[in-house]
Amino acid sequence: MTIDTRTANGVTILDIHGKITIGEGSAEIRKTVRDLLQAGRKNILLNMGDVSYVDSSGIGELVSSYTTVTNQGGDLKLLNLTKKLQELLAITKLLTVFDSYDDEAEALASFA
Amino acid sequence: MTIDTRTANGVTILDIHGKITIGEGSAEIRKTVRDLLQAGRKNILLNMGDVSYVDSSGIGELVSSYTTVTNQGGDLKLLNLTKKLQELLAITKLLTVFDSYDDEAEALASFA
Amino acid sequence: MSISKEIELRFCSDVGLVDLLQEFSDSVSKAAGFDADGQYWIGLAVREAVTNAILHGNKEDRSKVVELAFGICEDRLRIVVRDQGKGIDESKIPDPLDPKNLLKAGGRGIFFVRSFMDSVKFRSRPEGGQELIMEKLRSQKNQGEQE
Amino acid sequence: MSISKEIELRFCSDVGLVDLLQEFSDSVSKAAGFDADGQYWIGLAVREAVTNAILHGNKEDRSKVVELAFGICEDRLRIVVRDQGKGIDESKIPDPLDPKNLLKAGGRGIFFVRSFMDSVKFRSRPEGGQELIMEKLRSQKNQGEQE
Ligand SMILES: Nc1ncnc2c1ncn2[C@@H]1O[C@H](COP(=O)(O)OP(=O)(O)O)[C@@H](O)[C@H]1O
Ligand SMILES: Nc1ncnc2c1ncn2[C@@H]1O[C@H](COP(=O)(O)OP(=O)(O)O)[C@@H](O)[C@H]1O
């Protein structure tokens with residue numbers, strides 16, 4: 001897994017590439033998010049469009065990143081869910097927890 | 001594996017698709033070739049361009065098709081060897097046994 | 001339920017192997033006639049069950065072995081995951097859909113296994129260790145157009 | 001030669017399984033850092049060795065088992081194929097490059113195994129059956145640019 005970081009309209013967008021799974025450095029997202037919070041960047045959008053695989057450990061990773069950000073008064077949202085990830089979030093009842101978008105501009109606007 | 005049969009300039013061209021391996025009905029080429037000989041069609045060109053995998057059993061299949069045709073006074077030649085197949089024929093010293101071509105027109109002309 | 005093809009894998013308790021094993025599951029379920037979606041969900045169930053066997057069962061003790069057995073039966077694919085651990089108390093597995101667990105980081109592995117497979121059973125083995133037995137029916141529903 | 005990862009497969013003597021096993025070999029050799037070409041040749045060696053174990057070793061007796069073990073060692077990939085057959089007399093394996101054998105349909109399997117692997121040994125097992133042990137060095141030459 002690799003993460004590219006960029007900023008737009010005061011929102012930090014993490015473009016995540018590859019697998020979010022056990023073994024695949026799944027703690028990396030959490031770490032990146034923690035670093036951002038420490039730098040005072042509390043609006044975070046995870047772009048999942050290029051995520052090829054997520055297992056239960058990866059879902060856990062998303063959830064704990066979410067709670068960390070929310071607890072610090074920030075917002076963590078998801079962009080470009082793949083169909084499979086959407087199904088996983090649906091069966092785990094997390095689709096209602098996460099704010100998610102298919103359109104980047106719309107996602108950015110939602111932070112305003 | 002599937003075989004499409006067509007004719008050009010009195011030569012029967014077999015377009016072979018898929019794997020020529022043990023288990024993958026590797027006897028099918030031999031059978032097709034035998035049927036052609038019985039129908040008096042002795043100029044046979046095997047188009048290997050779409051062959052995805054060949055194992056030792058597949059090489060054996062090519063060799064026995066070759067000997068069957070040659071023994072009946074016919075010609076069996078190969079077209080569009082993949083790089084891997086070429087290497088396999090090279091190490092088994094069969095590259096000098098088989099007449100092989102990269103160009104269909106040239107291959108057809110060689111039967112004349 | 002006669003078994004027509006059987007393959008069993010044994011490997012050390014190394015979580016770095018789960019990708020491999022999931023890929024193998026994909027090959028097996030493909031050979032059993034499951035379509036791409038079926039392969040995906042079965043592979044994810046395998047991944048979760050094997051991860052649990054390595055982490056919770058064998059506690060990543062590399063000298064302990066995990067076994068993963070596939071049986072392609074006439075009507076179903078049967079997958080068994082064995083570890084050398086103390087086993088699981090099913091009554092103690094928290095429900096990840098319970099609102100109080102919804103935002104927990106863990107606890108969704110077995111839920112995934114149960115969601116994607118048609119039947120799931122745990123069994124402690126007389127010779128020690130535990131066994132997770134899961135099955136997926138090779139029904140029309142789970143199969144691609146052409147097998 | 002310490003083994004860092006070990007995976008062993010056991011399966012029934014069904015030649016319909018060789019595709020699966022070759023795909024698994026590809027996953028393992030990829031994980032061991034071999035590039036696409038390396039994976040291809042190792043996979044073909046595995047296919048030939050397993051086919052021989054099923055056909056010649058176990059004579060397609062489906063009650064007999066073939067074992068295929070992969071060990072990813074620091075400097076090499078070690079692959080062992082075991083069958084329950086009578087074993088092979090190496091001195092009796094005809095040379096497929098001998099002009100009198102060149103046009104024979106069979107007899108190239110072991111030659112392929114020997115061509116693609118760095119070392120190949122046969123051993124009859126004290127407990128019965130035979131074992132083919134083959135190794136491929138994880139040298140620079142066999143590896144892709146990035147592992
Ligand atoms: N193979 C196993 N052996 C022993 N305990 C297990 C095993 N698999 C799961 N468990 C127990 O069940 C719990 C729930 O497992 P799971 O749903 O996969 O979630 P997670 O692995 O994220 O905790 C684990 O935390 C563990 O206590
Ligand atoms: N696992 C085995 N057990 C017993 N005999 C074997 C085994 N593998 C190979 N042989 C013998 O060695 C011969 C050569 O094998 P091989 O080079 O693979 O060619 P082929 O399988 O086409 O005959 C076989 O015909 C068989 O007699």
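Proteins come first, then strands; the chains are lettered A, B, ... in the order of their sequence lines, and each starts at number 1.
Heavy-atom pairs under 4.5 Å with chain D peak, among Leu68(C), Val65(C), Leu20(C), at Leu20(C).
In terms of heavy-atom proximity, Ser4(C) sits nearest to Cys12(D) at O-SG, 4.4 Å.
Expressed to the nearest 0.5 Å, how far CD1 of Ile72(D) lies from CG of Leu17(C) amounts to 7.0 Å. For the atom pair CG (Asp26(C)) and CZ (Phe24(D)), the distance works out to 12.0 Å, reported to the nearest 0.5 Å. With rounding to the nearest 0.5 Å, the separation of CD in Glu67(D) from CD in Glu8(C) is 9.5 Å.
Within a 6.0 Å radius of CZ in Arg10(D), other residues, nucleotides and ligands contribute 12 heavy atoms or fewer.
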